[in-house]
Amino acid sequence: MARILITSAIPYINGIKHLGNLVGSQLPADLYARYARARGHEVMFICATDEHGTPAELAAAKAGKPVADYCAEMHGVQKELAAGFRLSFDHFGRSSSARNNALTQHFAKALGENGLIGEVAERQVFSVADNRFLPDRYIEGTCPNCGYDKARGDQCENCTKQLDPTDLIDPRSAISGSTDLEVRETRHLYLRQRSLKGEIAAWIDGKTDWPILTTSIAKKWLNDGEGLQDRGITRDLAWGVPVQFPGAPWQGMEGKVFYVWFDAPIEYISATAEWADATGQGDSAWQRWWRTDMGAADVRYVQFMGKDNVPFHTLSFPATIIGSREPWKLVDYIKSFNYLNYDGGQFSTSQGRGVFMDQALSILPADYWRWWLLSHAPENSDAEFTWENFQASVNKDLADVLGNFVSRVTKFCRAKFAETVPGGGAFDDRALALIAELETRTRAYEGHMEAIDIRKAAGELRGIWTLGNEYLQSAAPWSVHKTDPEAAAAMVRLGLNLIRLYAVLSAPFIPDAAARMLAAMHCEDGAWPGPVAEALTALPPGHPFTTPDVLFAKIADEEREDWAKRFSGVRA
RNA sequence: GGGCCUGUAGCUCAAUGGUCAGAGCAGGGCGCUCAUAACGCCUUGGUUGGGGGUUCGAGUCCCUCCGGGCCUACCA
């Protein structure tokens with residue numbers, strides 16, 4: 001029995017996320033949270049929307065809405081989609097919450113008082129027509145290197161040369177197209193990460209069990225070139241956490257907000273506080289997860305994220321925590337993911353390429369997506385979604401191997417006995433061998449789940465499903481029943497109990513189907529199995545069940561072709 | 001440019017430096033008939049991207065070349 005704090009990288013507010021985003025953080029985090037709860041651990045699973053920053057402002061403007069309204073609306077949309085995918089957050093917060101405003105300012109103040117924040121005067125491009133400073137990539141112009149006329153201020157996409165916005169020929173605002181740009185001086189706060197480099201490096205060096213993807217990115221940023229650099233944590237924007245506030249250890253920062261990457265990870269903590277507020281609990285309820293001086297010392301904290309998020313979670317956020325010199329909980333394990341590509345290219349939010357969360361749910365139940373995405377999670381390298389692979393995997397694994405198993409057992413029992421667990425007979429050697437094999441594989445499955453080795457866990461689970469079919473085939477109760485109904489009864493009793501066992505073991509991956517399996521078995525007992533031999537006696541002779549409808553309908557070729565066409569190009 | 005990851009069967013992926021490189025799917029054959037034309041058994045298929053090196057032994061370590069991907073700090 002442990003206490004496990006789980007956070008998923010928080011999705012940006014600006015639109016509906018695609019399957020690549022989903023499989024890179026929220027979905028595996030949910031798998032782990034569900035598993036940990038099933039094992040009896042106390043779990044706090046936190047996610048939120050990341051709402052600040054330039055893209056949110058621009059998306060709101062495009063939608064013709066005040067940014068606060070836009071974010072509130074999109075938060076609702078994302079929350080509903082998360083529920084649709086059965087993401088079991090204890091709380092789905094908002095980085096624009098009052099809690100996060102206060103806590104972000106608290107951290108900034110503590111860092112300032114500890115001498116870890118400096119002011120830097122810099123020159124930035126200001127667009128008069130847009131009345132705002134422009135981030136480098138929101139400035140377009142002609143590349144001085146290759147002549148490409150849509151080069152961005154940070155890099156030319158055509159020749160990949162790194163650029164400074166002032167390098168561009170004929171620069172213009174990417175927002176309005178205006179060429180009325182000027183360079184203005186502005187002052188910003190910088191987090192002095194350089195002075196924390198030693199502490200952070202020592203901390204990372206101690207994390208020898210982390211995925212290589214996580215540590216290699218962290219070490220690259222720590223050691224590359226001149227090493228870890230100080231980082232600007234404020235921006236000239238209206239939408240965000242105000243930098244100037246009563247008690248702030250600096251002056252003259254009116255009109256500026258904290259950079260989203262400063263306040264977004266703090267939202268993990270704030271969202272837990274939001275959870276305490278929403279459930280009518282006091283501060284101690286969330287502090288026991290986050291303050292090592294208030295009960296969090298024995299918490300295991302695991303983060304999930306795509307590889308693009310790794311630098312912020314291995315360096316910037318820890319710098320914030322460590323630099324505060326307050327006893328906040330640091331992450332214990334970071335599970336990071338590569339990217340999921342879509343049919344030979346990248347998923348693209350801007351181009352609407354690929355399958356987005358709302359579209360996915362509109363064509364198939366969540367379990368189909370959960371199974372495919374998790375069993376193909378991009379753990380070691382980038383992975384690829386193709387409709388052919390999706391159809392083949394889902395039809396084989398879910399419909400043929402698992403769904404059909406449930407179907408054949410329940411229908412046979414109903415036909416030859418009744419819709420109750422048949423009594424009589426005893427487990428023969430074949431059954432005992434099956435149980436021994438299940439014992440081994442179930443323990444292996446647990447090992448993979450605990451190590452958050454997702455593909456391996458999925459493979460083991462599938463193997464466990466297959467054992468049921470192998471057993472039935474060799475036991476052949478349909479033949480035995482003709483001469484020895486009692487022996488057949490024992491086989492069927494085992495089969496029905498397997499359905500319940502499979503429901504419990506599969507629930508973290510496919511929660512809806514698992515619930516239907518348990519309901520069909522008229523079983524409330526979803527307890528994680530101890531010894532398998534014991535778990536397979538949960539449904540005693542005489543226990544009623546209901547033969548369920550088809551658990552997973554197969555994806556037809558025509559459907560697959562239709563979807564492949566629909567999602568190939570621009571999002572409707 | 002620099003760094004990191006990656007390349008294994010038609011496809012998706014496994015293999016602490018140590019039996020003959022293994023699974024699943026697809027393909028082929030056989031069996032079964034309870035089941036969603038489902039299930040089971042058997043089976044074809046590989047110069048582990050190319051080349052060189054270290055080693056008693058290399059998919060694994062080193063060098064090099066080729067291909068794919070990611071990151072490179074102001075999108076998040």
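Quick note on labels: first sequence line is chain A, next is B, and so on, each numbered from 1. These values consider heavy atoms only, across backbone and side chains, with no hydrogens, waters or symmetry-generated copies. Owing to the predicted nature of the structure, the values given are computational and were not obtained by experimental measurement.
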Could you give the distance separating [M] and [N] at their [atom1] atoms, to the nearest angstrom?
{"N": "B:G45", "M": "B:G22", "atom1": "P", "answer": "13 Å"}
{"N": "B:C11", "M": "B:G46", "atom1": "P", "answer": "13 Å"}
{"N": "B:A9", "M": "B:U48", "atom1": "C1'", "answer": "10 Å"}

Check your understanding: What pairs with A:Arg184 under salt bridge (Lys or Arg N to Asp or Glu O under 4.0 Å), at least two apart in sequence or on another chain?
Key -> A:Glu182

**Study point:** Stems where RNA chain B pairs, listed by first number, each of three or more Watson-Crick or G-U pairs under 3.5 Å
**Key:** B:1-7 with B:66-72, B:10-13 with B:22-25, B:27-31 with B:39-43, B:49-53 with B:61-65

Exercise for review: Remember a base hit wins even if backbone is also touched, and classify A:Ser474 as base, sugar-phosphate or nothing at under 4.0 Å, heavy atoms.
Suggested key: nothing

Check your understanding: So, is the end of the A:Lys307 side chain (NZ or CZ) under 6.0 Å from the ring centre of A:Tyr339 and within 45° of the ring's axis?
Key -> yes

Contacts under 3.5 angstrom, residues 258-267 of chain A side chains, donor-acceptor by atom type, not counting sequence neighbours:
residue	atom	partner	partner atom	Å
A:Asp263	OD1	A:His52	ND1	3.3
A:Asp263	OD1	A:Asn100	ND2	3.4
A:Asp263	OD2	A:His52	ND1	3.0
A:Glu267	OE2	A:Arg94	N	3.0

Practice item. Verify the stacking flag for A:Trp478 against B:C34: centroid separation must be under 5.5 angstrom and the ring planes must differ by under 30 degrees. Key: yes

**Study point:** Donor-acceptor pair present, A:Gln124 side chain and B:C74 base, under 3.5 Å
**Key:** yes

Check your understanding: Any N or O donor-acceptor pair linking the side chain of A:Asn404 to the base of B:A38 at under 3.5 Å?
Key -> no

Practice item. If a protein heavy atom is under 4.0 Å from the base, mark B; if only from the sugar-phosphate, S; if neither, -; do that for nucleotides 6-11 of chain B going 5' to 3'. Key: S-----

Check your understanding: Who passes side-chain hydrogen bond (donor to acceptor under 3.5 Å, both in side chains) against A:Tyr268, sequence neighbours left out?
Key -> A:His313

Point to revise | side-chain hydrogen bond (donor to acceptor under 3.5 Å, both in side chains) against A:Ser8, all qualifying residues, sequence neighbours excluded | key: none

Review point. Any side-chain N or O of A:Tyr471 less than 4.0 Å from the OP1 or OP2 oxygen of B:G40?
Key: no

**Study point:** Ion pair A:Glu379/A:Lys335, N-O distance below 4.0 Å
**Key:** yes

Point to revise | Residue pair A:Trp239 / A:Ser96, side-chain donor-acceptor N/O under 3.5 Å | key: no

